[in-house]
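Working notes for the structure below.
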Amino acid sequence: MATAPFSRRPAIVPAAALADDAATLDAVCRVLDAGDLVAVPTETVYGLAADATNPAAVAGIYKAKGRPAFNPLIVHEGTVEAAMRHGVFDARARLLAEAFWPGPLTLVVAKRPDAALAPAVTAGLDTVAIRVPRSDAVRLITARLGRPVAAPSANRSGRVSPTSAEDVVTELGEAVAVVIDGGPCVVGVESTIVGLSGSHAVLLRPGGLAADAIEAVIGEPLVRPSADPARPQAPGQLASHYAPRAAVRLDATNVRAGEALLAFGSQLPADADNAVATCNLSPSGDVSEAARNLFSMLRKLDASGAAGIAVVPLPQGGLGEALADRLARAAAPRP
Ligand code: TXA
Ligand code: MG
């Protein structure tokens, strides 16, 4: 239906074409306007975008991902000003928006009663998750569309998030009408989510912006919700997530028969040669590089056919918190 301007599904559109060619931008917006889905590159991971004001379009996101209806979506806007129309921004929220948007940060704030969002975007909550990504595609699309897009990561529910256009096609195939190809994501893990709807600022999900940078701006420590996997604070933070097919074994100091190795730094486990396949998150020991590589390397090692993936111990500070979170969920017992 809505894909008329593009002859194959999914159509792959280079991100640069949105800026260079008004007809292409218009065609992509017509797809969204008709309620269909467009995968968009952001600095964190690729998002699966739909018109956030259109209930049928938003329902399409849940269907394409196989996502449980209780798990709300992030509203993406192109500017701080537009983002503020959907939620109540207190002084802390304004400080964080000004300091880090556009960037890898999502704020959960009280939803404004007049916010024109499809109810399923917030899964019936009175709070809303909002983000202004560092993404020319999102900025151009929302400006031309004149409406926000709702966008979860463009993977099937519970699986590894996509950090390239090819990953999106592997995950979603024809469920998505158009994939905007912006190349590999530069941050590589999802945004950090901060809850600001209560009196304390809460770290709902560690991510691509280090928690200490956020604490420095608001001048207070972020509260870490108790790690009770049965009662996730962000509804989507279920214990098992980001899960490759292969079993993931953390803090590995050796490689067992049949395992692939996910290494970090220059020192490899003594029996690294036994590994079915090896990837090194950052040979030089750079945590940002490791975050950028994490999901693509998990996919690659999974595709090697290894029975398991042994992951060496990783550093803990800064972005190490997001790495540890994603790997713990990748290693958690599957439902
Ligand atoms: O980097 C990102 O954040 C990517 C890109 C595409 O922007 N998006 C992303 O979306 O990671 P998703 O849907 O995979 O994860 C969003 C998380 C979920 O865990 C969801 O439960 C949580 O945000 N969330 C959304 N609305 C919320 C709310 N009102 N309160 C608490 N958590 C919320
Ligand atoms: Mg996700």
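Remember, it's 1-based here, ligands and their atoms both numbered in the order they're listed.
- Taking distance alone, with nitrogen or oxygen atoms compared against 3.5 Å, Thr42 stays at or beyond that limit from ligand 1.
- The closest approach between Arg67 and ligand 1 falls below 4.0 Å for a heavy atom of the residue.
- Under the 4.0 Å criterion applied to side-chain N and carboxylate O atoms, Arg249 and Glu259 are assigned as salt-bridge partners.
- Ionic pairing of Glu321 and Arg224 is present here: one or more N-O contacts between side-chain nitrogen and carboxylate oxygen are shorter than 4.0 angstrom.
- No side-chain N or O of Arg292 forms a donor-acceptor pair with one of Ser282 less than 3.5 Å apart.
- One finds a salt bridge joining Asp33 and Arg147 here, because a Lys/Arg side-chain nitrogen approaches an Asp/Glu carboxylate oxygen to under 4.0 Å.
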TODO: Just do the side chain to side chain donor-acceptor pair (under 3.5 Å) check on Arg131 and Thr42 with the steps written out, would you?
DONE: CA-CA 11 Å; Arg131 144 165 152 84; Thr42 81; 2.9 Å; yes

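- Residue Arg205 places at least one N or O, backbone or side chain, under 3.5 Å from an N or O of ligand 1.
- Contacts classified as side-chain hydrogen bond (donor to acceptor under 3.5 Å, both in side chains) and involving residues 91-101 (residues at least two apart or in different chains) are given here: Asp90-Arg92.
- Enclosure of atom CZ in Arg144 is not indicated, since only 12 or fewer non-hydrogen atoms of other residues, nucleotides or ligands lie within 6.0 angstrom.
- For ligand 1, the polar-atom distance check finds an N/O of Asn71 within less than 3.5 Å of one of the ligand's N/O atoms.
- Heavy atoms from both the backbone and the side chain of Thr127 come within less than 4.0 Å of ligand 1.
- Of all atoms in ligand 1, numbered sequentially from 1 with element shown, those under 4.0 Å from a heavy atom of Ala129 are 25 (C), 26 (N), 27 (C).
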Open item on the list: As a quick check of understanding, evaluate side chain to side chain donor-acceptor pair (under 3.5 Å) for Asp286 and Ser284, giving each step before the final call.
Closed with: CA-CA 6 Å; Asp286 173 352; Ser284 68; 5.2 Å; no

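- Ion pairing between Asp325 and Arg329 holds under the 4.0 Å rule for side-chain N and carboxylate O.
- For the Mg ion (ligand 2), the N/O/S atoms of Ser153 include one lying under 2.8 Å.
- Using a 4.0 angstrom heavy-atom cutoff, Leu125 counts as in contact with ligand 1.
- The Gly47 neighbourhood of ligand 1 comprises atoms 6 (C), with distances under 4.0 Å to a heavy atom of that residue.
- Heavy-atom contacts of His76 reach the following atoms of ligand 1: 5 (C), 6 (C), 7 (O) (cutoff under 4.0 Å).
- Shown in contact with Leu73 at under 4.0 Å from a heavy atom are these atoms of ligand 1, numbered in order with element: 25 (C), 26 (N).
- Distances from atom 33 (C) of ligand 1 to the heavy atoms of Pro72, Pro68, Gly124, Ser197 show the closest one on Pro72.
- Short contacts between ligand 1 and Ile74, defined as distances under 4.0 Å to a heavy atom of the residue, involve ligand atoms 3 (O), 8 (N), 9 (C), 10 (O), 16 (C).
- Atoms CG and CG, on Leu145 and Asp26 in that order, are 10.5 Å from each other to the nearest 0.5 Å.
- Checked by distance only, ligand 1 and Glu190 stay at 3.5 Å or farther apart across all their nitrogen or oxygen atoms.
- Those atoms of ligand 1 with a heavy atom of Ser153 less than 4.0 angstrom away are 8 (N), 9 (C), 10 (O), 12 (P), 14 (O).
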